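The shown structure was predicted, so the numbers you read here are calculated from the model rather than taken from an experiment. Computation of the quantities below employed the complete heavy-atom set of this structure, encompassing side-chain atoms and omitting hydrogens, waters and symmetry-equivalent molecules. One is the number of the first residue; the rest follow in order along the sequence.
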Amino acid sequence: MFSIRCNRWTVAATVALAATLAPISVLAQTPDHPNANDSASQFPTKNDLKSLTQSGSYLAARHAGVERDAASAAAFYRSALRSDPKNNELLDRAFISSVADGDIDEAVKLGERILTIDKSNRVARLVVGVQDLKLKKYPAAQLNINQSIRGPITDLVATLLSAWASYGAGDTKTAVANIDKLTGPEWYPIFKDLHAGMIFELSNREKDAGVRFERAYKLDDSMLRVNEAYARWLSRNKGEAQATAIYEAFDKKLARHPLVVEGLRETKAGKKLPPLVDSAQAGAAEALYGIGATLIRRGGEDLALVYLQLALYLHPTHPMALLSLADLYESVKKPQMAIKIYERVPASSPLKRNAQIQLATDLDSVDRGDEAIKILKSVIADDPKDLEAIMALGNIERGRKKFADCAETYSKGIDVLPQGNDKNNSVYYYYRGICEERSKQWPKAEADMRKALELQPDQPHVLNYLGYSWIDQGINLDEGMKMIKRAVEQRPDDGYIVDSLGWAYYRIGNYDEAVKNLERAIDLKPEDPTINDHLGDAYWRVGRTLEAKFQWSHARDLKPEPEDLPKIEAKIENGLPEDPASAAAAAADKKKEDTKDEGNKGG
């Protein structure tokens, strides 16, 4: 929806704000504060702050910023600012860090101090104006918000927020007129019509609202909030059939979105759905959320963070804003902060189930796997056919090497798969096959791998896994080798698949080719213990014994599987036993020589 011009502006805005927008993060972990998962050990504590000098606080704040830890950065900057209250740089950084952390009340206090020094500070104007809007101080809100304008995105945000302030003050005419006066990029009109429609709707001008919603829908019928707003209006003004048609059309573009499923259920039950927003504050939050969520998709995380935190300040339980903010934290690899946001999604929201699934994934990523599994089992108990939850649970169990459990979980998914030969179903059989193979159920695993290939014949990972398993067992060597070569053709830069090819050559006694491919696999995945172990074996067989022991030592240090460690240590100590194939060949050669010698003696 955004144009190239908008993308370029977003990049420019991000660069311009980089000096002041403190990055986001979870709580810092330090040697003295190792457990950031525990809210009681939040860093920094009051004692931490008291013990630091001004320069110490500043350096700690800068470090927290580098670590994308807005909470700690804000606390440290405020601590430094108390020691040097006239330092404008500290004031500005403390303000922006507070906004990034979502502490808007504290940010407003700092923003007001900034505005006594620099009346043109646009971010401070915006934040103070949003608080005015929340407190229903509509004239003050308009004054501050209108002074935050500069650039395509900020112009649009300010115009929409100012319009909602006008509506809150009882002036619908001015609100819509100001929206309509705004000119700019080609992506403006959909936001303009959507928000004008919502303002008309709350002003009981249903006909005018319908015109705007229809226009927005025609501009982009793939935008979720436009579909929701229009369908809700139709349910009250045109009837169930037309509202249902909007939802069903969207469902074909993005199947089973929870809000659409809920809307369909209610419209088919004959309900007249309420407007998407119910107040000026909710409308302003919707504007901030809509543009913030779009910025995330376009790489403007810093500015998106400001808008989403302000949206949640106005509407703390806005489920879409919460999910977008959590998604932002995930995109910058801060699952701890995402966890806190997912936990805020209201239990009554149709999106709670989505939040729970993603919450579980993030919990697992920070080694809270038992909590993750408990949450997913609860979700599945509520809906035993929830394939997404089943897949998430199976993946976590597989990652935690609960192989018998994950085989059972994937079986539940397979039991409820739609009938037919959908290639997307292949992954369930593949993953179950892995769990069965690892839990010593090879016949079942082999059958599932074959089924996965039946559904998706050239899937490289399945080809690799089945081919590798055969060759490692010394069976179906020709077919296994062909499978692995097909996998390598498709994924020539996948270290694990190249390792399989090297190990296949090793298993059939072609050690030169084994070394060649295993060395390439090491280049691709240098820190994998299994590949290092394999290369050590291959080096030993070609007589490169010192290099073999080096690779085995490296494999040992890379934390291999517990069952593999004793085998690796034994090889470091004693090397490999003589290759049976080589021994047999040497014996045959010796026999030939002995026979030849006997013949010569007889002659």
Side-chain angles (χ1 to χ4, degrees), residues 331 333 391 395 398-399 421-438 442 445-446 448-544 547-548 550-561 564 568:
S331 73
K333 303 188 187 311
M391 177 64 86
N395 290 348
R398 179 166 51 87
N421 293 323
D422 186 342
K423 70 176 184 179
N424 293 324
N425 295 344
S426 171
V427 69
Y428 286 91
Y429 292 98
Y430 170 52
Y431 285 160
R432 187 172 71 173
I434 291 174
C435 297
E436 289 164 339
E437 185 267 333
R438 294 302 300 274
W442 173 246
E446 184 177 37
D448 274 342
M449 292 291 174
R450 287 186 179 278
K451 178 63 176 179
L453 285 176
E454 177 188 323
L455 294 171
Q456 201 168 354
D458 289 318
Q459 215 297 323
H461 296 293
V462 185
L463 289 168
N464 174 64
Y465 202 101
L466 182 54
Y468 179 95
S469 298
W470 278 340
I471 289 172
D472 200 44
Q473 295 176 57
I475 61 175
N476 301 334
L477 298 181
D478 289 341
E479 188 177 358
M481 181 66 82
K482 288 177 183 177
M483 283 185 171
I484 294 172
K485 286 182 176 179
R486 283 165 59 196
V488 171
E489 286 172 4
Q490 295 180 72
R491 296 284 191 275
D493 295 326
D494 187 315
Y496 297 119
I497 293 178
V498 175
D499 169 66
S500 294
L501 181 59
W503 192 241
Y505 279 120
Y506 179 91
R507 293 289 291 174
I508 64 175
N510 189 340
Y511 300 127
D512 289 333
E513 281 298 314
V515 167
K516 175 182 174 182
N517 284 280
L518 290 169
E519 285 180 335
R520 172 160 167 71
I522 285 287
D523 288 341
L524 295 168
K525 287 286 181 185
E527 302 303 313
D528 184 81
T530 301
I531 301 175
N532 279 275
D533 183 29
H534 285 171
L535 181 57
D537 288 6
Y539 278 157
W540 185 272
R541 292 302 183 201
V542 296
R544 296 162 65 176
E547 292 169 279
F550 172 83
Q551 292 301 147
W552 289 328
S553 297
H554 195 39
R556 175 200 59 198
D557 297 340
L558 290 171
K559 298 181 179 179
E561 298 289 337
D564 293 333
I568 294 171

Hits for salt bridge (charged side-chain N to carboxylate O under 4.0 Å, His left out) against E547, two or more places apart or cross-chain, chain-then-number order -> R544
Less than 4.5 Å apart, any side-chain heavy atom of M483 and any of N476? no
Looking at N532 and E527, would you say the former's side chain and the latter's main chain have a donor-acceptor pair under 3.5 Å? no
Closest non-hydrogen atom pair between V462 and A452, with its separation: CG1-CB, 3.9 Å
Interatomic distance, Y428 atom OH to M391 atom CE [nearest 0.5 angstrom]: 4.0 Å
Nearest 0.5 Å, what's the NE2-OH distance between H461 and Y430? 6.5 Å
Specify the closest pair of heavy atoms between P460 and A487, including all atoms of both residues, with the distance to one decimal. O-CB, 3.4 Å
Heavy-atom distance under 4.5 Å between the side chains of Y505 and M481, does that happen here? yes
Whether the side chain of Q456 engages the backbone of Q459 through a donor-acceptor N/O pair (distance < 3.5 Å, no angle test) should be reported. no
Examine the side chains of Y465 and E437 and answer whether a donor and an acceptor come within less than 3.5 Å of each other. yes
Residues in ring-ring contact (aromatic ring centres under 6.0 Å, His included) with Y431, at least two apart? Y410
Heavy-atom side-chain proximity of E454 to Y429 below 4.5 angstrom: no
Test Y506 against Y511 for ring-ring contact (aromatic ring centres under 6.0 Å, His included), laying out the working first. CA-CA 5 Å; Y506 179 91; Y511 300 127; 5.2 Å; yes
Taking every heavy atom of A555 against every heavy atom of P560, the minimum-distance pair comes out as O-CD, 3.3 Å
Run the side-chain contact (heavy atoms from CB on, under 4.5 Å) test against A521 and tell me which residues pass, sequence neighbours left out. V498, D499, I531
So D533 and W552, do their side chains get closer than 4.5 Å, heavy atoms only? yes
So how far is it from K451 NZ to R432 CZ, rounded to the nearest 0.5 Å? 10.5 Å
Note, E513 side chain near K516 side chain (heavy atom, < 4.5 Å): yes
Rounded to the nearest 0.5 Å, what's the gap from CH2 on W470 to CG on L477? Could you check? 11.0 Å
Distance-minimising heavy-atom pair for W503 and I471: O-CG2, 4.5 Å
Filter on side-chain hydrogen bond (donor to acceptor under 3.5 Å, both in side chains), then keep only pairs touching residues 488-497, sequence neighbours left out; what's left? D493-R520
Of all residues at least two apart in sequence or in a different chain, which pass the salt bridge (charged side-chain N to carboxylate O under 4.0 Å, His left out) check with D564? none
If I take atom CG from residue D448 and atom CG from residue L453, how far apart are they, to the nearest 0.5 angstrom? 11.0 Å
Of N464, D472, N517, which meets side chain to side chain donor-acceptor pair (under 3.5 Å) against S500? N464
For the NE2 atom of H554 and the CD1 atom of I522, what is their distance to the nearest 0.5 Å? 7.0 Å
Kindly write out the residues that satisfy salt bridge (charged side-chain N to carboxylate O under 4.0 Å, His left out) with D537, not counting sequence neighbours, or none if the list is empty. K571
Of all the heavy-atom pairs spanning L518 and A538, show the shortest one and how long it is. CD1-CB, 3.8 Å
Would you say the side chain of H534 lies within less than 4.5 Å of the side chain of T530, judging by non-hydrogen atoms? yes
Shortest non-hydrogen contact from G502 to A514? O-CB, 3.4 Å
Within a strict 4.5 Å, meaning less than it, do heavy atoms of the Y539 and V515 side chains meet? yes
